[in-house]
Amino acid sequence: MASSDPSKRPRPGPWPPGAAAPESGPAMPPSSWAKRTGFRPKFSGETNATDSGPISVQPQPKPKEPEPNLDLEAGRVRPTPTSNGELSPVPEKPGQQKDKDKVVRKRRDSDGGGGGGAGAGAGAGKGSRPNGQAASGGETAQGTGSGSRRATRNEEVVDMLPQTVVEDDGFISKQSHMKYELRDSPGLVPIGLYGFQHYLSMLGSLILIPLVIVPAMGGNYEDTANVVSTVLFISGLTTLLHTAFGSRLPLIQGPSFVYLAPALAIINSPEFLRLNGNNFKHIMKELQGAIIIGSAFQTILGYSGLMSLLLRFINPVVVAPTIAAVGLSFYSYGFPRVGTCLEIGAVQILLVVIFSLYLRKISVLGHRIFLIYAVPLGLAITWALAFLLTEAGVYSYKGCDANIPASNIISDHCRKHISRVKHCRVDTSHALNSSPWFRFPYPLQWGTPVFHWKMAFVMCVVSIITSVDSVGSYHASSLLVASRPPTPGVLSRGIGLEGLTSLLAGLWGTGTGSTTLTENVHTIAVTKMGSRRAVQLGAGVLIVLSLIGKVGGFIASIPEVMVAALLCFMWAMLTALGLSNLRYSEAGSSRNIIIVGLSLFFSLSVPAYFQQYGISPNTNLPVPSYLQPYAVASHGPIRTRYGGLNYFVNTLLSLPMVIAFLVAVILDNTVPGSRQERGVYVWSEAETARREPAVAKDYELPFRVGRVFRWVKWVGL
C-alpha cells in the first residue's frame, strides 16, 4: 500500500503510459507487442472500487489512440470481429512493468494465507475488481509499478486471494491458487485424502442440526442416532446428484441452518405443545409434509426458469444481510445452552477460537491442520477433558441419578446439582451402546407425511431464502475453482436440483431440507481443494458411513453443551460468511451501509416484537426458555378470524432471515445506485460459455444428457 504522506507520493507520470518514449521502431502486431511487455489496458472512465468511501474519478487527457471497446457489464474488452467472422485479439497498450506470466508477489491477507477465512472464497485482491471483474491498468500499476513498496526481508509472504487478469483475447482468467481445481483428478489416494479432509472440516455443519431438533421434538437418543445416520446418507446422495446434474461445482449438500429456525417454529406449534409422551414421529411427519411441498416449489422455481428472472433482484447487498441474519438469529439459543456447564462449554469455544485464529498459520506436512480441523480437534480435546472429569468423580453426587425426571427428585441436594449431572457428564447418553452395527435409512421410515398448508407455505418462503443463499455460494465458489462463473441457466439448473434433493430429504425424514452449505466457500478457500472428484468420492464414503449404525450412535452421544459451544462458533462463522459477500460491492458506500444496517437491525427487532408480544412475566409456556422465541405462533400479534393465516404470518415475520431479505431486496432494487456500487453479480453469457471448451467442460451435464435438453435454454449452458 502506498505511503499516506503526501510529500512522499510519487508524481503521476505521462499518460498514456509510454507516451514519453520515442515512437520509432518497427511496427508489430499489438497483441504480440503487448504480450512481450505485459501491458494491460486501462479502460476509459473506469475507477477503483474501494471499501473506504466514494469513488474518485481522475481526469484523463485525450488519449493519442482510440480506447478499446469496453463491455461494462462483463468487465472485459469486447473482441472485434475480423473479416472472416472470427474474434480478433484485443490490442493492449505499452507501459506495464510486470509480465502477466510472472509469479505475482503473494500479498498479506487477513487470515494469514490459504485464501481462507470467512469469506475468503473469491475475494478481490489487488489486481482484481469486485465480483471477479478484471482490474484496470491503474489498479495494477498501483500494486506493481516502480513506486510500490517492495517486501522487506522480514516481511512474511503469504498466500493471496484469487486474482483476475485480462488475457490477450480480452477474457478474464485467474491465476492458479488451488491445489486441485474443478476438473483435476490427480489419483485415487490424493483424491481420497483431500475428500476426507474436506468433509471432516465441515463436520459441524453436517451433524449439529439433528442434535438440536430431535430433542426439541421429544425424541430420545435412539431417534437422534437414526436421524443422524439418515442425514449422512442424504447428504452423500444429494452431493453426488448435485455435482453430476446440478451446478456441477464441488459443493457439499446437507441440512442448512436456514431450515433450522422454521423447523423449530413448526416443532413448537400450538397443536404440538400439549402432546404427551414421545411425539417425535408425529412432529417429524408434519415436518416432512412441509419440506416436501416447499421442495416442490423450489424445483419449479429452478427448472421453470423463474430463478433466472429473479437473479436480477439478488445482488451481494441482498445476499449479505440475509445470510448474516441466519447466524444472528440463534443468539438466544447458543450461549444460554453453553452456560448449563460453563467449564466445558467455554473450553470448547476457546479451543476452536485458538485453533482457527491463533494457530491458523502452523503447517504440518504442508497442511494447516489447526485451521482446517479446528472444529473436530476442539471437539475431541474437550470431549476427552469431560471424560476425565467424569471418571474422576467431579460430577458425581451421592444418590443423584441423571435418568430420574426432575419432577420426581425429592432431595434438595440432588435438585441443586441435577443440572450439572445431566449436562456435564459424558456417560448419560446410551446412544452408542444401543445403536445397531448396520442400519439402512429408507424413505418414509417415520410414517406417511402429513400435509398442512400453513406449514407448507412457510417452507415455500424458506426455499426462496435457501435459493438466495445458494446464489452467493455458487458465485463465490466458481471464482475459486472454475474457469468462469456459471451461466444463469446453470444456476437455475442447480436450484431446481436442490429442490429435488430437498424432496428426497423430506421423503427420508431428516427434519430439514438439503441444500448447498454456506460453509463450502470457506472450506474450499482454506483447504485449496476444488476437485469435483474428491467431493464425489467423499460423498460415497459418507453413504457407507451412514449404513454403520454405530457412527450415528457415536455422533448422537456428543454432550449437549459441546453441541451448543460448536454451534456458537458455526453461527458466528455463518454470519461472517454472509457479510463477506459485500466484498463484491462498494462496502464503503453510504447507500450500501444504510441498506445493510437497516436489514440487520430490523431482522432482529421485528422478530423480537413478534416473539415477545403477548408474553408477560407470569406467562407459562410449556417450552424451555431457549425455545420460546420459536413458539410465536401461539401468541403473535396477528389475530384474524383465520387461524391458518395467523399461523403463517406470525411464524414468517418471526424469522430474522425473512425480514432481512425483504428489507434488503426492496431497498437495493429501489434506491438508485450504479452497477459498480451495488456490486451486481456478473454471470457468464450462455453463448460465450458454449464457445469456450473450458467453460463447457466445467458445467455441461455428463453422459450427453445436456444434448437431450438443449432446447431448454433456461436450465443449461
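Numbering of residues begins at 1 and proceeds along the displayed sequence.
- Under 3.5 Å, the side chains of S531 and E181 contain no donor-acceptor pair of N or O atoms.
- For the atom pair CZ (R493) and NE2 (H242), the distance works out to 9.0 Å, reported to the nearest 0.5 Å.
- Between the side chains of N581 and Y681, at least one donor-acceptor pair of N or O atoms lies under 3.5 Å.
- For the atom pair OH of Y259 and CG of D469, the computed distance is 10.0 Å after rounding to the nearest 0.5 Å.
- Scanning both residues, A482 and L182, for their nearest heavy atoms gives CB-CD2, 4.2 Å.
- Between R484 and D698, no side-chain nitrogen of the basic residue sits less than 4.0 Å from a carboxylate oxygen of the acidic one, so the salt-bridge criterion is not met.
- Electrostatic pairing of D668 and R678 counts as a salt bridge here, judged by a charged N lying under 4.0 Å from a carboxylate O.
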Side-chain atoms of residues 645-659: list all donor-acceptor pairs with protein atoms under 3.5 Å, sequence neighbours left out, distances to 0.1 Å.
{"residue": "N646", "atom": "OD1", "partner": "T640", "partner atom": "N", "Å": "2.7"}
{"residue": "N646", "atom": "OD1", "partner": "T640", "partner atom": "OG1", "Å": "2.6"}
{"residue": "N646", "atom": "ND2", "partner": "T640", "partner atom": "O", "Å": "3.0"}
{"residue": "N646", "atom": "ND2", "partner": "Y642", "partner atom": "O", "Å": "3.3"}
{"residue": "Y647", "atom": "OH", "partner": "S269", "partner atom": "OG", "Å": "2.7"}
{"residue": "N650", "atom": "OD1", "partner": "I638", "partner atom": "N", "Å": "3.1"}
{"residue": "N650", "atom": "ND2", "partner": "I638", "partner atom": "O", "Å": "3.0"}
{"residue": "N650", "atom": "ND2", "partner": "N646", "partner atom": "O", "Å": "3.0"}
{"residue": "T651", "atom": "OG1", "partner": "Y647", "partner atom": "O", "Å": "2.8"}
{"residue": "S654", "atom": "OG", "partner": "N650", "partner atom": "O", "Å": "3.3"}
{"residue": "S654", "atom": "OG", "partner": "T651", "partner atom": "O", "Å": "2.7"}

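- A distance of 15.0 Å separates OG1 in T523 from NZ in K528, rounded to the nearest 0.5 Å.
- Annotation for A476 and R583: closest pair CB-NH2, 3.9 Å, computed over non-hydrogen atoms.
- The distance from the OG atom of S603 to the CZ atom of F661 is 14.0 Å, given to the nearest 0.5 Å.
- Here the straight-line distance linking atom CD1 of I595 with atom CG of L600 works out to 12.0 Å at 0.5 Å rounding.
- S492 pairs with exactly one of S308, S467, S304 by the side chain to side chain donor-acceptor pair (under 3.5 Å) rule, that one being S308.
- The CZ atom of F233 sits 10.0 Å away from the OG1 atom of T238 when rounded to the nearest 0.5 Å.
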